[in-house]
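By convention in this document, chain letters (A, B, ...) are assigned in the order of the sequence lines, proteins followed by strands, and residues within each chain are numbered from 1.
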Number of protein chains: 2
Amino acid sequence: MLTVEDILHAIEDGGYRATGSRRRLLETLAARGEGFTAEELVGEVRGVGRATVYRTIRLLLRQGLLCKLTLQDGAPRYSLSRVGHHHHVVCVRCGAVRDFRQSVIERILKDLEVGEGSAVVGHRIEVYVVCPGCREAGVATSPTAATG
Amino acid sequence: MLTVEDILHAIEDGGYRATGSRRRLLETLAARGEGFTAEELVGEVRGVGRATVYRTIRLLLRQGLLCKLTLQDGAPRYSLSRVGHHHHVVCVRCGAVRDFRQSVIERILKDLEVGEGSAVVGHRIEVYVVCPGCREAGVATSPTAATG
DNA sequence: AGCATGAAAGATACTCAGTATCAATACTTG
DNA sequence: CAAGTATTGATACTGAGTATCTTTCATGCT
């Protein structure tokens, strides 16, 4: 798992400054780690403005240190990246995020040059679950409709 | 491909009315078919208010007649559903949408009960491509970064 | 240490996507 | 046709994020 220092170094390596605001923000963010919204950060980080929170998120996304995912209802969420390319398993109840990567799937999608000369330039996979914790805590699992 | 009449029937079967606004909207929507934004519809359908456009979109989504997808940058887009569960191949240039379904992938994701007792309740797969048309018309393919 | 300079921060206004509210209108059915 | 409910439109609002612009901070230089 990346530490605050690791991330600050990565930021500096990218030619950006390791400022106090960024450090404070990263501390909050690292404490959350898996699955949070931008507005949660805005609310939790004291003394750092909304704009800066969003700017920093954008910076981290560009550097590949953070990733943005989409819940079933389309709501955005963020999660720290620990590795390169991966996908997400998100709990629809608590928003916790686990990463996963299945080379089989990667390969299928990559090969999917869709028979018609389309060049695959990327993909996104999100798997929605009810995590063990929420399953116990919880009400019955509503068999949520698929995406499309 | 679903016709306007098919969709209106489905709406009625769901206990909703097949009104003039809905018909006009569906005509525009069917003419677009694959890949459009809500605001495009708002702009194109004459004499139907914004609220009604969004309400109808929501209705169609609930009925599974329309699906909402997410571009690489997170921008939302809609596409008529022709079949049940499927995923999307979206051109990052022109926004055209093709559907696809790979039972292999479905199975893998379904089985992904993630070793830890999480119940999979859904998933979303989006594949981003440059379609043949845009590839020809186009500038060089920028090797877009993956999701996360 | 003092200062110049550019990056970063904060405040705020704005955009885009979508929802809520509520009064007015359109359907439908008895 | 009247009653009653669904639908509509206008409009205000929310949530997520960006743009702008002025101030502040970090850095390198002397």
Is there a side-chain contact between [X] and the phosphate of [N], meaning an N or O under 4.0 Å from OP1 or OP2?
X	N	answer
A:Thr19	D:dA26	no
A:Lys68	D:dA16	no
B:Tyr54	C:dT19	no

In whole angstroms, how far is the [atom2] atom of [N] from the [atom1] atom of [X]?
X	N	atom1	atom2	answer
A:Leu25	C:dA8	CG	P	14 Å
A:Leu26	C:dA8	CG	P	13 Å
B:Tyr78	C:dC16	OH	C1'	12 Å
A:Glu12	C:dA7	CD	C1'	13 Å
B:Leu66	C:dG18	CG	P	11 Å
A:Arg46	C:dA9	CZ	P	17 Å
B:Leu71	C:dC16	CG	P	15 Å
A:Ile11	C:dA8	CD1	C1'	12 Å

Discussion item. Applying the side-chain hydrogen bond (donor to acceptor under 3.5 Å, both in side chains) criterion to B:His87, which one of B:Arg101, B:Arg124, B:His123 satisfies it?
Written reply: B:His123

Response to the item:
In short, B:Ser79 meets B:Leu69 closest at the heavy-atom pair CB-CD2, 3.9 Å

Discussion item. Minimum heavy-atom separation for A:Leu26 and A:Val4, please, with both atom names.
Written reply: O-CG2, 3.8 Å

Item to complete: For A:Glu39 and A:Tyr54, test the side chains for any donor-to-acceptor distance below 3.5 angstrom and give the result as yes or no.
Response: yes

Worksheet item: Hey, does the side-chain of A:Arg50 have a donor or acceptor N/O within less than 3.5 Å of a partner on the base of C:dG10?
Response: no

Side chain of [X] - closest among [options]:
X	options	value
A:Arg17	D:dT8, D:dA26, D:dG17	D:dA26
A:Thr52	C:dA9, D:dA16, D:dG9	C:dA9
B:Arg58	C:dG6, C:dA9, C:dA20	C:dA20

Discussion item. If you assign A:Ala51 and A:Tyr16 each to the DNA chain C nucleotide with the nearest heavy atom, which residue ends up on the more 5' nucleotide?
Written reply: A:Tyr16

Item to complete: Scan B:Gly47 against the nucleic acid and name what it touches under 4.0 Å (heavy atoms): base, sugar-phosphate only, or nothing.
Response: sugar-phosphate

Worksheet item: NA contact type, A:Arg55, heavy-atom cut-off 4.0 Å: base, sugar-phosphate, or nothing?
Response: base

Worksheet item: Would you say B:Leu29 and B:Phe36 make side-chain contact, with heavy atoms under 4.5 Å?
Response: yes

